[in-house]
Protein chains: 2
Amino acid sequence: MSKQELLPELLELFRQQGYDGVSIAHISKATGLGKSSLYHHFPEGKEQMARELLEYIHGAVKQHFVAPLKTDKEPRKKLTDMAQVVESFYDGGRKWCLIDGMTLGEANSLFQAQISRSVEAWIQAMADVAIECGLSKKMARERAENALIAIEGGLIVSRATGNYQIFKRVVRSLPSIVLDGHE
Amino acid sequence: MSKQELLPELLELFRQQGYDGVSIAHISKATGLGKSSLYHHFPEGKEQMARELLEYIHGAVKQHFVAPLKTDKEPRKKLTDMAQVVESFYDGGRKWCLIDGMTLGEANSLFQAQISRSVEAWIQAMADVAIECGLSKKMARERAENALIAIEGGLIVSRATGNYQIFKRVVRSLPSIVLDGHE
DNA sequence: GTCTATACTAGGATAGAC
DNA sequence: GTCTATCCTAGTATAGAC
């Protein structure tokens with residue numbers, strides 16, 4: 001089994017259980033690989049798995065979230081395209097965001113740098129779309145931050161209330177959060 | 001040592017480390033009590049600690065977040081009062097929200113009901129202020145949800161980027177999120 | 001590259017003395 | 001109500017065979 005098959009499994013485990021909640025035994029069961037096989041792929045254990053997962057996710061962010069924002073389509077169309085990917089990646093709010101479980105306790109200091117790199121890339125790409133529509137650099141940045149805040153907050157509030165309509169509504173409002181009044 | 005002294009310690013541990021990340025040994029060290037003393041207070045162990053903590057937090061939510069919204073002050077004033085409490089409770093974004101660490105993995109099913117009760121109480125209180133300003137029930141609810149989404153998302157994005165100005169900005173915008181255009 | 005077996009540590013929980 | 005001592009399980013990690 002190759003890492004490209006392992007990493008999607010790791011994503012599902014870490015995003016649902018959080019860094020502390022995932023054990024090698026869980027991973028072994030989920031992947032069907034024995035513990036020793038896992039240590040063959042990741043000699044430094046769970047910490048290395050998380051690091052490589054975050055690298056993998058960084059690529060996925062660029063490919064799935066950022067790329068639709070860098071096409072030559074209409075600004076609002078770019079954002080609705082992104083929003084659709086977001087809705088499906090988080091399965092309508094039923095799947096957690098990796099950030100939550102990777103920024104608790106000691107994991108926070110271990111992975112904060114990697115996480116912020118992905119988050120910054122995404123925010124910047126959304127801000128660029130806002131700038132394209134004539135917003136100032138400062139306002140574009142704020143609106144892009146607000147879009148990410150809405151996504152992350154929407155996930156938390158949806159799962160806290162058990163009402164996933166909230167996430168759906170939030171995702172649909174993303175283009176407006178970034179662009180309203182500037183098209 | 002009484003539970004009223006223990007619970008604030010538990011809050012700090014669980015909000016920072018998450019349910020899975022907290023061990024009895026951590027709690028023992030943080031409180032200065034031996035393991036057996038902790039089991040004397042909480043015979044069912046960590047799960048009971050979390051349950052009682054969430055009860056305690058439910059009271060704190062009503063007292064600190066909801067109560068300022070039920071005074072006879074001006075609507076916007078109620079929300080700025082609440083926002084100030086929020087900023088200090090989360091230490092300007094540097095302290096996590098309990099929800100994050102209590103809704104990962106198995107903890108989610110254990111505590112979701114208790115969490116949603118507190119969250120609903122808070123949302124409803126914010127919605128009532130919006131209704132007081134003439135918003136429809138449906139719009140008031142949406143705006144109250146958006147306020148909580150902003151708080152929770154602001155915490156996540158602040159810690160993911162390491163930039164706590166974001167949380168500060170979000171907290172200051174709370175009254176506008178709930179009331180703008182209806183005063 | 002994967003397995004079985006094993007070592008060791010940390011975490012959860014209890015018994016019984018004071 | 002708190003302590004020391006202990007038990008058991010789960011978790012991390014490694015050795016060595018195939």
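All figures in this text were calculated on a predicted structure; none of them were measured in a lab. Below, each value reflects all heavy atoms present in this structure, side chains not excepted, and no hydrogens, waters or symmetry copies. Every chain is numbered from 1, with letters handed out A, B, ... down the list of sequences.
Taking every nucleotide of DNA chain C with any atom under 4.0 Å from a non-hydrogen atom of chain A, the first and last of them, 5' to 3', are C/dG1 to C/dA5.
Ion pair A/Asp100/A/Arg159 flagged as a salt bridge, since at least one NZ, NE, NH1 or NH2 atom sits closer than 4.0 Å to an Asp/Glu carboxylate oxygen. Electrostatic pairing of A/Glu145 and A/Arg141 counts as a salt bridge here, judged by a charged N lying under 4.0 Å from a carboxylate O. The pair B/Glu55-B/Arg51 does not count as a salt bridge, with every side-chain nitrogen at least 4.0 angstrom from each carboxylate oxygen. By the 4.0 Å N-to-carboxylate-O rule, B/Asp180 lies close enough to B/Arg76 to be salt-bridged with it.
Remark on DNA chain D: of its neighbouring residues A/Gly21 and A/Pro43, the 5'-side contact belongs to A/Gly21, judged by nearest-heavy-atom nucleotide.
When hydrophobic side chains of Ile, Leu, Val, Met, Phe, Trp and Tyr are connected at separations under 4.5 Å, B/Met139 ends up clustered with B/Leu135. The other members of the hydrophobic cluster of B/Leu104, by chain and number, are A/Trp96, A/Leu104, A/Tyr164, B/Trp96, B/Tyr164 (side-chain heavy atoms under 4.5 Å, ILVMFWY only).
When the P atom of D/dT6 is taken as reference, atom CD1 of B/Ile24 falls 21 Å away, rounded to whole Å. Counting to the nearest Å, the P atom of D/dG11 and the NZ atom of A/Lys29 are 11 Å from each other. To the nearest angstrom, C1' of D/dG11 lies 12 Å from CE of A/Met49.
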Requested in this report: Go through the steps for A/Glu152 and A/Leu148 under the test side-chain contact (heavy atoms from CB on, under 4.5 Å), then give the verdict.
Outcome: CA-CA 6 Å; A/Glu152 299 295 336; A/Leu148 188 58; 4.0 Å; yes
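In the model, A/His26 has a side-chain atom that pairs as donor or acceptor with a side-chain atom of A/Ser23 under 3.5 Å.
Heavy-atom distances under 4.0 Å link DNA chain C to B/Lys35, B/Ser36, B/Tyr39 of residues 32-42 of chain B, given in residue order. Looking at residues 1-19 of chain A, you'll see A/Met1 sit with a heavy atom under 4.0 Å from some atom of DNA chain C.
Residues forming a side chain to side chain contact (heavy atoms under 4.5 Å, CB included) with A/Leu98 (at least two apart in sequence, or on another chain): A/Leu11, A/Phe14, A/Arg15, A/Leu53, A/Leu54, A/Ile57, A/Met102.
Judged by a 6.0 Å distance limit and a 45° cone about the ring axis, B/Lys3 is positioned over the six-membered ring of B/Phe42.
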